[in-house]
Amino acid sequence: MELAGIWDCQNRRCNARSARIRIHPGELQAVSAVEFCVIQKGKQMLKEVALTALASIAKSTKKMVNGGTVQFWTCLNFSYKLRNVETTTTICNELVNMCVSKGTQFSANSLLPIRSANPSQIEEALIGVHDQSMARLASMGQNGKQLQLLIIILPDQSGSYGKIKRICDTELGIVSQCCKPANLTRLSKQYFENVALKINVKVGGRNNVLSDAIQRRIPLVSDLPTIIFGADVTHRQPGEDSGPSIAAVVAFVDWPKITKYRGLVSAQHHREEIIQDLYRTTVDPQRGVIHRGMIR
């Protein structure tokens, strides 16, 4: 592959003077020849810039391994700096387009109109979006469905992220993606690409996978249907005599690709090293034996 680099060392601008370099196929995966301008002097520098530029092009064309699906979504803005409806609409459109370009199946239209809310009324605003989305879905004949993604533009002042995630994750059961307003004002494609990767995983997609897993070349794991668990217990700092220890268990659920994991967290007695809620049974007079715990 030959690439034409056009540069002018004296005037530091482009002209018809050109230098040709050859890049071996092994140095780049799959890109087309590109004509570009370079103001630095030297053929090696030209080659390095070429590889960087073309690698960026190759990266921009990559897609997720498996794209998730977002049919019902909306956006809630808590930033005073981004109160303009056109601005927030543009931001959402850019993000949706990026998600689609990376392979996520994303509806172009939001379930509810994109809106702004007072950052001092975060809980009320989130509950309002949840209730209105459920009512809207019911009116559409989508009973049993719920909002699949809530894009949240955080308040200008920091400190609200934990509260927002707690309400969405533990009280309302809404998948949320928070964005800082300072990162959105630039409309950076790199930032939207990073957010798109996060969204895809949250809505059931898969961003990458080990080639050895696809080709069934991982020793033992690829031979037979296998599940691998990871478990740990986190304790309070030394000197703290009260407060629970936190146990966590994870395991992958997509053999043989082994990239999707489920996780559970449980509180247990202070400084208890053995996971107490790993597996247990209870007897219900009507339902009989009930299997409970983190593994069941």
Side-chain angles (χ1 to χ4, degrees), residues 63-79 82-119 121-155 160-179 184 192-207 252-254 257 259-265 287 296:
K63 292 180 178 289
M64 292 94 164
V65 175
N66 299 113
T69 301
V70 181
Q71 185 178 0
F72 309 122
W73 67 276
T74 190
C75 176
L76 183 58
N77 170 41
F78 289 111
S79 170
L82 300 175
R83 289 282 163 167
N84 186 285
V85 176
E86 293 183 0
T87 302
T88 52
T89 301
T90 299
I91 289 171
C92 289
N93 289 339
E94 289 288 336
L95 181 55
V96 170
N97 291 337
M98 179 60 74
C99 290
V100 172
S101 71
K102 293 301 175 183
T104 304
Q105 299 178 42
F106 212 116
S107 173
N109 300 316
S110 60
L111 179 67
L112 300 176
I114 298 170
R115 67 189 67 184
S116 296
N118 193 321
Q121 298 177 334
I122 288 175
E123 186 169 2
E124 294 84 349
L126 292 173
I127 293 174
V129 168
H130 175 265
D131 293 345
Q132 291 173 37
S133 64
M134 296 298 289
R136 172 63 176 157
L137 288 169
S139 69
M140 296 167 56
Q142 298 286 347
N143 294 311
K145 298 291 184 67
Q146 64 178 16
L147 194 67
Q148 294 171 306
L149 177 67
L150 176 59
I151 302 169
I152 299 174
I153 302 177
L154 294 169
S160 302
Y161 176 81
K163 179 178 181 179
I164 291 172
K165 297 301 287 187
R166 175 182 60 79
I167 295 172
C168 289
D169 293 348
T170 65
E171 295 183 18
L172 302 178
I174 296 178
V175 176
S176 60
Q177 177 59 55
C178 296
C179 303
L184 294 172
F192 285 129
E193 183 174 358
N194 292 338
V195 175
L197 292 173
K198 294 180 180 181
I199 289 175
N200 189 60
V201 173
K202 292 179 179 181
V203 297
R206 185 187 288 109
N207 291 346
F252 65 78
V253 294
D254 63 339
K257 295 181 179 179
T259 55
K260 279 188 176 182
Y261 286 75
R262 291 278 181 88
L264 289 173
V265 178
R287 294 187 294 170
R296 57 183 183 273

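Computed over heavy atoms, backbone and side chain alike; hydrogens, waters and symmetry mates excluded.
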Side chains of L150 and V175 in contact at under 4.5 Å (non-hydrogen atoms): no
Side-chain donor/acceptor of Q148 to backbone N/O of V70, under 3.5 Å: no
Over 12 foreign heavy atoms within 6.0 Å of CZ, R83: yes
side-chain contact (heavy atoms from CB on, under 4.5 Å), paired with F106, selected from N200, T69, V203, I199: I199
Salt bridge (charged side-chain N to carboxylate O under 4.0 Å, His left out) against R166, all qualifying residues, sequence neighbours excluded: E171
Stepwise side chain to side chain contact (heavy atoms under 4.5 Å, CB included) check, F72 with K145: CA-CA 9 Å; F72 309 122; K145 298 291 184 67; 4.2 Å; yes
Compile the donor-acceptor pairs under 3.5 Å between side chains in residues 133-141 and protein atoms, sequence neighbours left out, one pair per line.
{"unit_1": "S133", "atom_1": "OG", "unit_2": "V129", "atom_2": "O", "d": "3.0"}
{"unit_1": "S133", "atom_1": "OG", "unit_2": "H130", "atom_2": "O", "d": "2.7"}
{"unit_1": "S139", "atom_1": "OG", "unit_2": "R136", "atom_2": "O", "d": "2.6"}

D169: salt bridge (charged side-chain N to carboxylate O under 4.0 Å, His left out) partners, not counting sequence neighbours: none
Residues which pass side-chain contact (heavy atoms from CB on, under 4.5 Å) with C178, listed by chain and number, not counting sequence neighbours: I152, L154, Y161, I164, K165
Short side-chain to backbone donor-acceptor contact, N77 and L82, under 3.5 Å: yes
Heavy-atom closest contact (A196 atom, M64 atom, distance): O-CE, 3.6 Å
Rounded distance [0.5 Å steps], CG in N97 versus NZ in K102: 13.0 Å
Side chain to side chain contact (heavy atoms under 4.5 Å, CB included) assessment of V85 paired with T89: CA-CA 6 Å; V85 176; T89 301; 3.9 Å; yes
Rounded distance [0.5 Å steps], CZ in R115 versus CD in Q132: 4.0 Å
Residue pair I153 / L76, side-chain heavy-atom distance below 4.5 Å: no
Pairing residues for R287 by the side-chain contact (heavy atoms from CB on, under 4.5 Å) criterion, not counting sequence neighbours: D284, I290, R292
Non-neighbouring partners of E124 that pass salt bridge (charged side-chain N to carboxylate O under 4.0 Å, His left out), sequence neighbours left out: none
CG on L184 to CD1 on I91, rounded to 0.5 Å: 4.5 Å
Atom pair CD1 (I122) and CD1 (I127), whose distance is rounded to the nearest 0.5 Å: 12.0 Å
Main-chain N/O of T259 paired with D254 side-chain donor or acceptor, under 3.5 Å: yes
Check: S176 main-chain N/O paired with K202 side-chain donor or acceptor under 3.5 Å: yes
Check: S107 side chain, N109 main-chain N or O, donor-acceptor pair, under 3.5 Å: yes
Heavy-atom pair with the smallest gap, counting every atom of A108 and V96: CA-CG1, 4.4 Å
Distance, nearest 0.5 Å, that separates OG of S101 from CZ of F192: 11.5 Å
Any donor-acceptor N/O pair, T74 side chain to L112 backbone, under 3.5 Å: yes
Under 3.5 Å: donor-acceptor pair, side chain of N66, backbone of R206: no
Spacing of S110 atom OG and I151 atom CD1 [to the nearest 0.5 Å]: 9.0 Å
